[in-house]
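Data first, discussion second: the structure below is written as structure tokens.
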There are 2 protein chains.
Amino acid sequence: MPRAQKPNSKKERRQESEKLILEAAEKVFAEAGFGGATMQLIADMAGLPKANLHYYFPTKESLYRQVVQNIFQIWLEAADVFDKADGPAEGIGAYIDAKMDISRRHPAGSKVWASEVMHRAPVIQDYLETTLMEWTEGRAAIIERWIAEGRMEPVDPRHLLYMLWATTQHYADFNHQIETLNGGTPLSDAQWDAATQSVKEIILRGIGITT
Amino acid sequence: MPRAQKPNSKKERRQESEKLILEAAEKVFAEAGFGGATMQLIADMAGLPKANLHYYFPTKESLYRQVVQNIFQIWLEAADVFDKADGPAEGIGAYIDAKMDISRRHPAGSKVWASEVMHRAPVIQDYLETTLMEWTEGRAAIIERWIAEGRMEPVDPRHLLYMLWATTQHYADFNHQIETLNGGTPLSDAQWDAATQSVKEIILRGIGITT
DNA sequence: AAAAATCTTGACCGGTTGGTCAGACTGTGG
DNA sequence: CCACAGTCTGACCAACCGGTCAAGATTTTT
């Protein structure tokens, strides 16, 4: 009878290895970029022989594509809080909270995403044109409704969204610069809270919400 | 007597070639990243044989370093408007104008800079620790003075600066995403103005300045 | 005009990279 | 216990990369 004495079974091992590879790949792609990353480096970081990577992911590009899709998924899920809110203060505030949390917990993934978009999105252009486009238009409509209801100042919804993305993602993509300016040490828990508070405070006041 | 019939003279040609190479390198580094860029690609884009690149820039890294330093220079010069202003509305407003202008006119350079910082600043870490650190502390002091004088809301100066950097740079680094969401076409002059206006409006109102 | 200094370039090289593959290994179903 | 499908890996390869170099071309200096 096939019990799992050790975490061994055909399917378990497969999932485990894939996860190991994807995590290593995310870090290496983030630190070196797609062009600078090597399968050997990813293999070393995952603790597997290089040929094993090519068993699970036939090409470097397919591995990269999976990493990008994973972070895009996380990115999209943060949007849920936006929909559940019944007003701009709650909706945008919670969205900033969620995106700052992603920046803190998935800095590598955020960098991979940023790098992909900066390089003209060679592998996820279709996502931008479909999923992201729909998402953006949907939220822009919500914001416009809030404006029409007089619950916030009339600002261009798209530029507001860009500002939300830019500001929150900055704490992931440029964390090295922020660390350097912070005396070479990573932000503490309290400093992350302060950062989130600052961002929320300025933006919410900026769209006419008094807390 | 050495007249310049055609744009030929030793020093002129040198400057011309270096400029040609640096412009090509900026584009290629921006599009492919340091690791993905090849000297051959840069040479082709500059219309020169590869060996010629190595005459002017001994290594790929030295060429890259020059590109990064150039954009850093432009970046720093935008700060002048900050100092000349005698209040937050004028200072921060003009700074946003200047940085949006850079994003528009030097998207490639901005991307190279972003990429460099994202990859933990392997070649310009010393700049971050010295020049950028001093710059940041200087402007933070100015902002704190404005706050003490009651000319703007008490916000953390550093997080305000990060927001300025993030928001303005976003229009360069993520211009492909913005173009896609704009229906696949680049922002028009009017749209750039609208973007700048939106950013200024939200941030200035966000720090308590009523226009 | 000759010599010196600077510039240009095709050909070349050692090292690295993504990817392949034959064969060993291992859990699984009968 | 066996046969089979799935998993693993060392060795290998063609392609490509950054960088070199010698020899020629061009400009500057004497």
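Only this structure's heavy atoms are used, side chains among them; waters, hydrogens and symmetry mates stay out. Here is the naming used below: chain letters follow the sequence lines, and residue numbers restart at 1 for every chain.
In this structure, A:M39 places its CE atom 21 Å from P of D:dC12, rounding to the nearest Å. Atom P of nucleotide C:dT9 and atom CG of B:L53 are separated by 11 Å, given to the nearest angstrom. Atom-to-atom, CD1 of A:I21 to C1' of D:dC8 comes out at 11 Å; the value is rounded to the nearest Å. When the C1' atom of C:dG23 is taken as reference, atom OH of A:Y55 falls 14 Å away, rounded to whole Å. Computed from coordinates, the B:E61 CD to D:dC17 P distance equals 19 Å when rounded to whole Å. At whole-Å resolution of the value, CZ in B:R13 and P in C:dT8 are 5 Å apart. The nearest whole Å value for the distance from the CG atom in B:N52 to the C1' atom in C:dC7 is 7 Å. Atom-to-atom, CG of A:L63 to P of C:dG18 comes out at 11 Å; the value is rounded to the nearest Å.
Distances shorter than 4.0 Å separate none of the side-chain N or O atoms of A:R14 from OP1 or OP2 on D:dG6.
Of the listed nucleotides (D:dC8, C:dG10, D:dG19), C:dG10 has the atom at the smallest distance from the side chain of B:A51. Each of C:dG18, D:dG19, D:dT9 was ranked by its minimum atom distance to the side chain of B:T59; first place goes to D:dG19. Residue B:P49 places its side chain closer to C:dG10 than to any other of D:dG6, C:dG19, C:dG10. Which of D:dG10, C:dT20, D:dC17 sits closest to the side chain of A:H54 comes down to C:dT20.
In terms of heavy atoms, B:H176 sits closest to A:R120 at NE2-O, 3.4 Å.
Checked against a 6.0 Å centroid threshold, the rings of A:W165 and A:W113 do not count as neighbours.
A:Q177 and B:Y162 share no side-chain donor-acceptor pair at under 3.5 Å. Side-chain N/O atoms of A:Q197 and A:D193 include no donor and acceptor closer than 3.5 Å.
Among the heavy atoms of the strands, none lies under 4.0 Å from B:A43. Within 4.0 Å (heavy atoms only), B:Y56 reaches sugar-phosphate atoms of the nucleic acid but no base atom.
Position along DNA chain C of the nearest nucleotide to A:Q40 versus B:S17 favours B:S17 as the more 5'-ward residue.
With values rounded to the nearest 0.5 angstrom, B:I42 atom CD1 is found 10.0 Å from B:F57 atom CZ.
Judged by atom type and distance alone, A:K60 does not reach the base of C:dG19 through any side-chain donor-acceptor pair under 3.5 Å.
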